[in-house]
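Residue numbers start from 1 in every chain, and the chains themselves are labelled A, B, ... in the order their sequence lines are given, proteins ahead of strands.
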Amino acid sequence: MNFVEEGLVKAQSRGQDIILRYPPEPNGYLHIGHAKAFSISYGMRCKYNGKANLRFDDTNPAKESMEYVEGIKRDLDWLGVEYDQVLFASDYYEKLYQCAIHLIKRGVAYVDDSTMDEIKAMRGELGVPGKPSPYRNRSVEENLDLFQRMRAGEFPDGSRVLRAKIDMASPNMNMRDPVLYRINRQAHYRTGNQWCIYPMYDFAHSLSDYIEHISNSLCSLEFEDHRPLYNWCVEQCQGALPNLPAIPPEQYEFSRLNIERFVMSKRWLKRFVDEGLVSGWDDPRMPTISGMRRRGYPAKAIMDFVRSTGITKNVMTVPLSALEFYVRSELDQCALRVAVVENPLKVRIVNYDKNETFAVTNNPHDEAAGTHAISFSNEIWIDGSDFSDNPPPKYKRLTIGGVVQLRGAYKIKCLRRVGDVLECEITDEKAKGVIQYVNARDCAPVTIRSFEPLLKEGTDLSDENINRDSIHESQGYAEKWLAERNDVSLKYQFVRKGYYVLDQKDKLVFNKTIGLREGF
RNA sequence: AGGGGUAUCGCCAAGCGGUAAGGCACGAGACUUUGACUCUCGCAUUCGUAGGUUCGAAUCCUGCUACCCCUGCCA
């Protein structure tokens, strides 16, 4: 049992119902790092028979939009992360305002007329105490009046803020009279111009949890320093609103997921989209949930992967191969096997002149998946990587003089190379390996576009470090029936160990060795 | 520098005073009409480091060291 679970058990032992929340800010699309955070709360919700609200933490109108709300919901639904209610911090603006009034009346919040720079200067530095604002000791009446006028729109943006009166000398910077409310005349995607003051994260988040009777508030490690402020807000607002729970919520923090070379910063992902480096948040090269979906990563693979990374406070950077392992093993179960030749190499079979059709299994792990027909003639394409002039030791595919099994068809022996063509004969000799082929007289040329994830070269994120050469094209051949469905254009993503996933019109996934998955 | 955290195999990660689970990766082999899948075997005398307590320590104590987070009117 990990420390998060211990927190839940503790809450249960106090008689609390387990109520959790997923608190995304709708300022972008979800990426795989978010999936991990969601999966932790979701896993706990399931294991402890609790509830979980999807609450959009939308307190910054400058960055948020309905498009993101909908995108996030779509991704969650696809991942199978279930939630009980859909809520918005913006629905609590009035309640939050009442809480702020409550704090002012208690004398623990004040309106500060200082500029942003002045506040910054007075906050002090790490290890150096801050200085109190000259407005820190205004009377309750004056604060009340000023704050109400802030709401009424009497003051320009940025001219005043509401601050908590805590401790300007606290070693925890978050406790040096943090800003609770700012004036910002930006239209909010849900509340429009109804408000010109907006609550800050710490205030809105903690009280939203409190209002929703959240028992355990699970978040990532960077909020550890915010916990004292979280608790302060909740404690100071006891009794500020009707129906607040007797037992306040408790915050627990765990480390976030990093994947080797993955760009997991929303800011950068947004930049890629805005600058047109990618076609959108769902570009198959993006580490977003929607991008991975288009790349053909099964939802189950993503969820299994993020669950496998554990719940700790350790700094973690998981290798890409770990993700790929789950993608492969899931795809292996469901992908239909079909042939595609990426780098065509012509093979002419000299002792054969018929046209035949063979049945090959669609999925060796699933008999119910059935078979499909693959045609055969004396001219076929094989993949360039399945032949070698100069084979390394233990090479199992085709060589001059070597024998190989064509999947579902005959064994062939390579006699010679004539120009661009390999001349072979059907034989009974023992084959070393099995390769796929496409009938050259009955196939369709396809353009194959491959994608690789948008990766960074080092640990630093800079323009130069981003691998932009992430799309490759080649002209290949596919079984006719597949190509027809694919409109002679296939996209795929390399998942290593011979697996390719193809993605066309968001409908097909394909696998080199060779599988096709439908309906994702 | 002040505060908050974290240190167990290349990477995740169990372990909570009784003598180092598991997965990924990797290596060797078997099987195989996907070099896939499956299977078998191998892979930390040691738990950041130096001491201490104890019959016994990754687990308790002390001192070091390394790394991460915090000085938005972002979340």
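- Which of B:A13, B:A75, B:A36 sits closest to the side chain of A:H365 comes down to B:A36.
- Using the Watson-Crick or G-U wobble rule with both distances under 3.5 Å, B:G42 pairs with B:C26.
- Residue A:R397 has no polar side-chain atom (N or O) positioned under 4.0 Å from OP1 or OP2 of B:A36.
- A:I183 has its CD1 atom 12 Å from the P atom of B:C74, to the nearest Å.
- Base pairing of B:A20 is not made with any nucleotide, judged by Watson-Crick or G-U wobble geometry with both donor-acceptor distances under 3.5 Å.
- Within 4.0 Å (heavy atoms only), A:K394 reaches at least one base atom of the nucleic acid.
- Glycosidic conformation, B:G72: syn, with the torsion inside 90° of 0.
- Residue A:R267 contributes atom CZ, which lies 17 Å from atom P of B:A75 at whole-angstrom precision.
- A salt bridge links A:E253 to A:R227: one of the charged nitrogens lies within less than 4.0 Å of a carboxylate oxygen.
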Check the pair A:Y93 / A:H188 against ring-ring contact (aromatic ring centres under 6.0 Å, His included), numbers first and verdict last. CA-CA 12 Å; A:Y93 283 169; A:H188 187 277; 5.6 Å; yes

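- Rounded to whole Å, the distance from CD on A:Q333 to C1' on B:C37 is 8 Å.
- The side chain of A:P171 sits closest to B:G2 out of B:G2, B:C74, B:G35.
- Among the atoms of the strands shown, base atoms are found under 4.0 Å from some heavy atom of A:E125.
- For A:A322, counting side-chain heavy atoms from C-beta on, the closest listed nucleotide (B:A75, B:U33, B:C24) is B:C24.
- Residue contacts for A:D225: at a heavy-atom cut-off of 4.0 Å it reaches a base atom on one of the strands shown.
- Straight-line distance between the C1' atoms of B:C9 and B:G42: roughly 14 Å, to the nearest whole Å.
- Among the protein residues, A:Y198 comes within range of no part of the nucleic acid, since none of its heavy atoms lies under 4.0 Å from any strand.
- A distance of about 35 Å separates the P atoms of B:A57 and B:G2, rounded to the whole Å.
- Across all strands shown, B:G63 forms a Watson-Crick or G-U wobble pair, both distances under 3.5 Å, with B:U49.
- In this structure, A:T59 reaches the sugar-phosphate backbone alone: every heavy-atom distance under 4.0 Å involves primed, P, OP1 or OP2 atoms, never a base.
- Rounded to an integer number of Å, the gap from A:E253 CD to B:C68 C1' is 14 Å.
- Taking the side chain of A:V179 as heavy atoms from C-beta on, and the options B:C73, B:G35, B:C24, the nearest nucleotide is B:C73.
- Atoms CE (A:M316) and P (B:C12) sit 8 Å apart, rounded to a whole Å.
- Of the charged side-chain nitrogens involved, none lies within less than 4.0 Å of a carboxylate oxygen, so that A:R190 and A:E64 do not count as a salt-bridged pair.
- Note on A:S170: nothing from the nucleic acid sits closer than 4.0 angstrom, heavy atoms only.
- Within the nucleic acid shown, A:P364 comes within 4.0 Å of at least one base atom, counting heavy atoms only.
- Checking B:G72, B:C37, B:A75 against the side-chain heavy atoms of A:R123 singles out B:G72 as nearest.
- Taking the C1' atom of each, B:C11 and B:A25 are spaced 7 Å apart, rounded to whole Å.
- Comparing B:C69, B:C37, B:G3 against the side chain of A:E222 picks out B:C69 as the nearest.
- A side-chain donor-acceptor contact under 3.5 Å links A:N363 to the backbone of A:Q333.
- Nucleotides B:A44 and B:A20 place their P atoms 12 Å apart, quoted to the nearest Å.
- Residue contacts shown for A:F223 include a base, since a base heavy atom lies under 4.0 Å away.
- Ring planes of A:F147 and A:Y181: perpendicular class, angle over 60° (limits at 30 and 60°).
- Comparing the P positions of B:G15 and B:U65 gives a spacing of 30 Å, expressed to the nearest Å.
- Here, B:U33 and B:C16 have their P atoms 47 Å apart, quoted to the whole Å.
- If you check distances only, the side chain of A:R227 never reaches the base of B:G4 with a donor-acceptor pair under 3.5 Å.
- The pair A:E25-A:K63 fails the salt-bridge criterion, with no side-chain N (NZ, NE, NH1 or NH2) lying under 4.0 Å from an Asp/Glu carboxylate O.
- Among the atoms of the strands shown, none is found under 4.0 Å from any heavy atom of A:S159.
- Checked options A:D177, A:D112, A:D113; the residue passing with A:S133 is A:D112 (criterion: side-chain hydrogen bond (donor to acceptor under 3.5 Å, both in side chains)).
- Across all strands shown, A:G158 has heavy atoms under 4.0 Å from base atoms, whether or not it also approaches the sugar-phosphate.
- Of the candidates B:C74, B:C24, B:U71, B:C24 carries the atom nearest the A:S321 side chain, counting heavy atoms from C-beta on.
- Checking B:C74, B:A14, B:C70 against every side-chain atom of A:R182, the shortest atom distance belongs to B:C74.
- Applying the side-chain hydrogen bond (donor to acceptor under 3.5 Å, both in side chains) test to pairs two or more places apart or on separate chains, those with a residue in residues 193-203 of chain A are A:D202-A:H226.
- Rounded to whole Å, the distance from CD1 on A:I435 to P on B:U32 is 19 Å.
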Polar-atom pairs under 3.5 Å, protein N or O versus N or O of nucleotides 6-10 of chain B: list them with distances, or write none.
unit_1: B:U6; atom_1: O3'; unit_2: A:N314; atom_2: OD1; d: 2.9
unit_1: B:U6; atom_1: O2'; unit_2: A:N314; atom_2: OD1; d: 3.2
unit_1: B:A7; atom_1: OP1; unit_2: A:N314; atom_2: OD1; d: 3.2
unit_1: B:A7; atom_1: O5'; unit_2: A:N314; atom_2: OD1; d: 3.1

One pair to check against ring-ring contact (aromatic ring centres under 6.0 Å, His included): A:Y352 and A:F376. What are the steps and the verdict? CA-CA 10 Å; A:Y352 182 84; A:F376 187 76; 5.1 Å; yes

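- Taking the P atoms as reference points, B:A66 lies 32 Å from B:U54, given to the whole Å.
- Comparing the same atom, P, in B:A58 and in B:U53 gives a spacing of 16 Å after rounding to whole Å.
- For A:N172 and B:G4, a side-chain-to-base donor-acceptor distance below 3.5 Å is absent, hydrogens and geometry of angles not being considered.
- With a cut-off of 3.5 Å on both Watson-Crick or G-U wobble distances, the partner of B:U32 is given as none.
- Distance A:D428 CG to B:U33 P: 15 Å, rounded to the nearest Å.
- Between A:D117 and A:K120, none of the side-chain N atoms (NZ, or NE/NH1/NH2) sits under 4.0 Å from a carboxylate O, so this pair counts as no salt bridge.
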Please lay out, stage by stage, how A:Y410 and A:F358 fare under the test ring-ring contact (aromatic ring centres under 6.0 Å, His included). CA-CA 10 Å; A:Y410 297 101; A:F358 304 106; 5.5 Å; yes

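- As judged by a 4.0 angstrom heavy-atom cut-off over every strand, A:H205 is placed among residues making no nucleic acid contact.
- When the C1' atom of B:C11 is taken as reference, atom OH of A:Y326 falls 12 Å away, rounded to whole Å.
- In this structure, A:S255 reaches neither bases nor backbone, as no heavy-atom distance under 4.0 Å exists between it and the strands shown.
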